[in-house]
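Here the structure is a predicted model, which means the values were calculated and not measured. Just so it is clear: chains get the letters A, B, ... in the order the sequence lines come, proteins before strands, and each one is counted from 1.
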Amino acid sequence: MIAGLLVAQLAAATPPGPAEEEDGGAVVRGRRGASSPVSTRVTPQEARRYAGTQGDVLRVVESMPGVGRTSFGAGPLVLWGAAPGTSRIYVDGVPIPRLFHGAGLRSTVNGFFVDDVELVPGGYGAEFGRASGALVRIDTAALRPGGWHGAAQADLLDTSVVVSRSVGARTRAAVGLRYGYLADLVGAVTDRDTSELISLPRYGDYQARFEYRASPGTELTLFAFGSVDRLAREPPSGDPARARSLTQDADFHRLTARYVTQVDGARVVVSPWAGFDARARRERVGAHPTDEAGGAWLGGLRASWSRPLRAGVTLRLGVDAEGAVTEVERVGSLTRPPRDGDLYVYGQVPPGDARADRWTVRTANAAPWAEAVCALFRNRLAVTAGVRLDVGLMEASRALPPLGDTPPRGLARVLWSVEPRLAVVLRVTSRLALKAAGGRYQTPPSAYDLSSVFGNAALTGSSAWHAVGGVLWDVTAALSAEVVGFYRDETGVPVRPATAPAAGEALVNAGAATAYGAQVTVRHRPAGRFSAWLTYTLARSEVRDPLAPAGRLSDHDQTHLLTGVGSLDLGRGWTVGVRARLASGLPRTPVVGRTLDALTGDYQPVFGAPGSERLPLFFGLDARIDKTFRAGGMEVTVFADVLNALNRPAAEEVWYDPTYRERRYITGLPILADLGVRGEW
Amino acid sequence: MTARAVAVVAGIAAACVPGSELSVSRVDAPRVIAVRAEPPEATPGEDEVTWTAVVAGPDGTATQARIDWAFCTRPRAPTDATVVSPSCAEGGPWLVGLGPAGLAARARVPADACRLVGPEAPPLGPDRRPQRAPDPDVTGGYYLPVRLAFDDLGVYSLDYARLRLRCARPDLPTDVARELGARHRPNRNPGLLGLTLRVGDAEVELPAEGAAAGPSVRAGDRATLVARWAEEAAEAYVRASFDGRRVEEAREALELTWFAAGGSFERAHTSAAPPVARSANLLEVESGRAAPLVVWVVLRDGRGGTDVRSYRLGVAP
């Protein structure tokens, strides 16, 4: 099957391969070209062997070059210092809102369906847009032919089952289901106080897939998948008037269709999709509510046409259209939950003000794009030049906050962006390649920021220029070393205004974000019994906004990131894996004083210079051992995955006592062992 | 907890938050613990208000202290992270002094307070565009900050009282604003009725601070104290809903804050919902203490109404 397709890391900007080829009855899915000369790709077979993944293919993303470390309980990915909202995750070209279930315990898409994971930190081509940060691309795998197949995994976190079936030579179908029960397990074996202190989500995900091969080269795939997360926390409180509670829900559902065919030598792909996203966060601190709940109906169409024009030149044309209707309700203070750069300390009592808003945002975007891929000088030089025109209509239900008897007035706008893209790969020798990429990228405004009360209905998107370049040296067929430099300059970032805002402008497009750095990666591809990579990223992520016009560190800055992963096949089915990570602590703003608010009896913090201190350096070591054997017709893997094997709980946050005179660190997980078994047939 | 056998569970359970309220209740240095305004709600340009600060110290309530009082007319920007503008801590024309330094101050509320820190149309911004008015708090109130610069007894601190303002609501639909005005009742300070020491099934009344005698506990002991107030102290009131579209009825949530010189309380704050009008807390007396304790109880109604009492609790050798 796809075992022969190992890693296509750092592949040159090559034209996409054929969609699929029949190979003696086995279907071999053609591997598409890399999205950027600096992307990193990993296959499921390799990903599962690394420590820290608990057999979850997509969790390998956490260990990839340039990926910031996220603390337990915080899921969004930070790639090369880009704010989480500026990066996108795609499954077969369809955007999804999150890669991991709450607390980052498990990915939202079952690894059984995954063919390839690609991390694209910058400099990607014209086919994708609406993300001024990075991309994570997940390609799904064709179902296996011939009768029944499937996989099941159970461990202390969850259980998942996938079953697939071929019906005749043309039709295949599969269904999968996962349920996470760690929260139930903790609740069952701990007392109520303990279980209410910790934030563990109940989660689940599902997949259903149908494939029909009309003829060689022509295929229709329907894929429905989704994810559900529920989290509730209510720490015990001696004073009902100060009781805290938090609930968070996050769901997404997608139905995608993908039609691939060949027309006059051109490869045509058409992918309509639809979906629904919902998220809700409801927090109470005494009488102070902080609620935000929204739902979005989404739809889109991605289509592409690709054809070699003449030797060495391939033309690709396509369109990437999306639309959404988003309804949001929000109640609480403007400053809760905090945004990047807000002065805030963990546990701080909300300032007490409260407003409410309910708004609707309708968007429709279409982005035609074109790309020419040229292989010159006997394929020594590959140049990919493209352009993308993103045109959209955005309508917000209310332009200004309610004022007296003034009737509401909506706001409709046309937003557009021209985005040139370029990628160049020069093969200096058969083992040495120089590469560079860049272009213009944009992130449209979030519907959640388009409230006339809490945000600004007139926000526009932020746009960024990327420039990346590097050297790849294939030391041997399996061993490579790469050095990459990157620079991203983003303007128009939505931020808080410096002074009392004008009516309806609680956010303004006055921020600028810059991320730059260098990255060194040494990788041993999975050849023989060993696979590993060691990567170090030196990066700075800085923000300039009206509150810090001279610049400050982004809340997501992790200047130093060092990650090493390795896996060794010991023979006789035994495999060991290890992951070591070292990361700078996140910037924090110190508290340098306190004042009593005599109205409430609470102390208020007096803040020092924004972002002028950091959480302590993180170092973590994870280990894994597994044994694979055959039982009947099934391949069974029993594994033990130990997180934080050195039992060094990381400092995840700064905690101050209620008078802001004492401070300590809130620590993360101590040693955590996950035992599980996986069967595949 | 019975989770030791399950490593994964124990691991996650340990990833929790440290907690401590001792630092709030223990009085080990002079500090302002409460400010009582009379009346607690005022109409700008009309009402005169008297503020009295309560300074607690290891030796009891201070009878004299140098506190400079000032209105801070700089509004808190909706994007500020704290309850008053950080500018209030700095000198500037927005600070309006309230007379000579001392434990108390008296002043008339500025006539333009509702325009400066309330819902009336605020002054135009630097770019001559209308600014966003401050948002009300969860009780529908707008507040004028009163800064207390406490510089005495070896201590310097900046603290804030906030005076609830009675303002018109031009930001609301006319019918909502009209109903709100018609049903409005000015807030009043709540009143504490007393503090008792629980001894077995009985409760013994504690005398006020400065009394010569009264009930006592042993050093190092834990004692339950019960504060009482009149049930009607939790006033009913009306407020605009958060979205401003209707008038809601609400009732004050009374909360106690506990302080002790010579001990600390298990909880810094306690509360009770009507019709319950009493609340208990556990006092841990310092071991080795020989002198009587001073206990302060602050009762707040969440809308600026405050009462403060201090009591004597003897310590037996």
Side-chain angles (χ1 to χ4, degrees), chain A residues 72 156 185-186 189-191 194 197-198 200 238-242 287-288 331 334-335 342-344 351-357 402-405 496-497 499-503 506 595-601 604-606 649 655 657-659 661-662 664 666-674, chain B residues 1-3 6-9 11-18 20-21 23-24 32 34-35 75 77-83 89 122 125-126 129-132 134-138 143 158-162 170-174 242-244 253 255 257 267-271 273 298 300 302 304:
Chain A
F72 181 80
L156 292 173
L185 183 63
V186 171
V189 299
T190 62
D191 55 36
T194 301
L197 261 176
I198 55 183
L200 288 173
D239 179 7
R242 288 173 180 263
H288 305 295
V331 177
L334 208 59
T335 54
D342 280 358
L343 297 176
Y344 170 78
D353 51 341
R355 290 289 299 270
D357 193 19
L403 179 66
D405 295 318
R496 309 270 194 211
T499 56
T595 64
L596 173 70
D597 172 27
L599 179 79
T600 61
Q604 297 282 311
V606 176
W655 173 91
D657 82 306
T659 63
R661 289 191 292 188
E662 298 174 29
R664 286 177 245 163
I666 299 170
T667 55
L669 296 173
I671 190 168
L672 175 91
D674 184 25
Chain B
M1 160 171 170
T2 58
V6 186
V8 61
V9 174
I12 292 173
C16 62
V17 180
S20 168
E21 295 191 340
S23 58
V24 177
V32 176
V35 179
T79 48
D80 285 337
T82 48
V83 296
R129 289 194 299 164
Q131 293 186 77
R132 173 188 173 124
D135 294 334
D137 79 346
V138 293
Y143 299 90
L158 282 182
D159 300 305
Y160 296 93
R162 289 189 286 156
D171 57 317
L172 299 176
T174 305
F242 294 145
D243 62 5
E255 184 180 58
T257 307
R267 298 197 295 265
H269 309 277
T270 64
S271 62
V298 182
R300 293 185 174 91

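- With a 4.5 angstrom heavy-atom cutoff, B/P170 touches chain A only via backbone atoms.
- Note: A/Q604 CD to B/D80 CG = 11.0 Å, rounded to the nearest 0.5 Å.
- A/R355 places a side-chain heavy atom less than 4.5 Å from the side chain of A/P402.
- Side-chain atoms of B/D243 do not come within 3.5 Å of backbone N or O of A/A356 as any donor-acceptor pair.
- Ranked by heavy-atom pairs under 4.5 Å with chain B, the first of A/L343, A/D597, A/D342, A/V331 is A/D597.
- Residue B/R300 touches chain A through its side chain alone, counting heavy-atom pairs closer than 4.5 Å.
- The two residues A/L596 and B/A34 come nearest to each other via the heavy atoms CD2-N, 4.2 Å.
- Options A/T595, A/L334, A/T335, A/L599 differ in how many heavy-atom pairs under 4.5 Å they form with chain B, and the most are formed by A/L599.
- Using a 4.5 Å cut-off between heavy atoms, A/P501 touches chain B through backbone and side chain atoms alike.
- Although no hydrogens or angles enter the test, the distance criterion places no donor-acceptor pair under 3.5 Å between the side chain of A/D353 and the main chain of B/D135.
- The contact between B/V138 and chain A is made by backbone and side chain atoms together, counting heavy-atom distances below 4.5 Å.
- Residues A/D657 and A/T659 have side chains that bring a donor and an acceptor to within less than 3.5 angstrom of each other.
- Neither the backbone nor the side chain of B/A253 comes within contact range of chain A, judged by heavy atoms closer than 4.5 Å.
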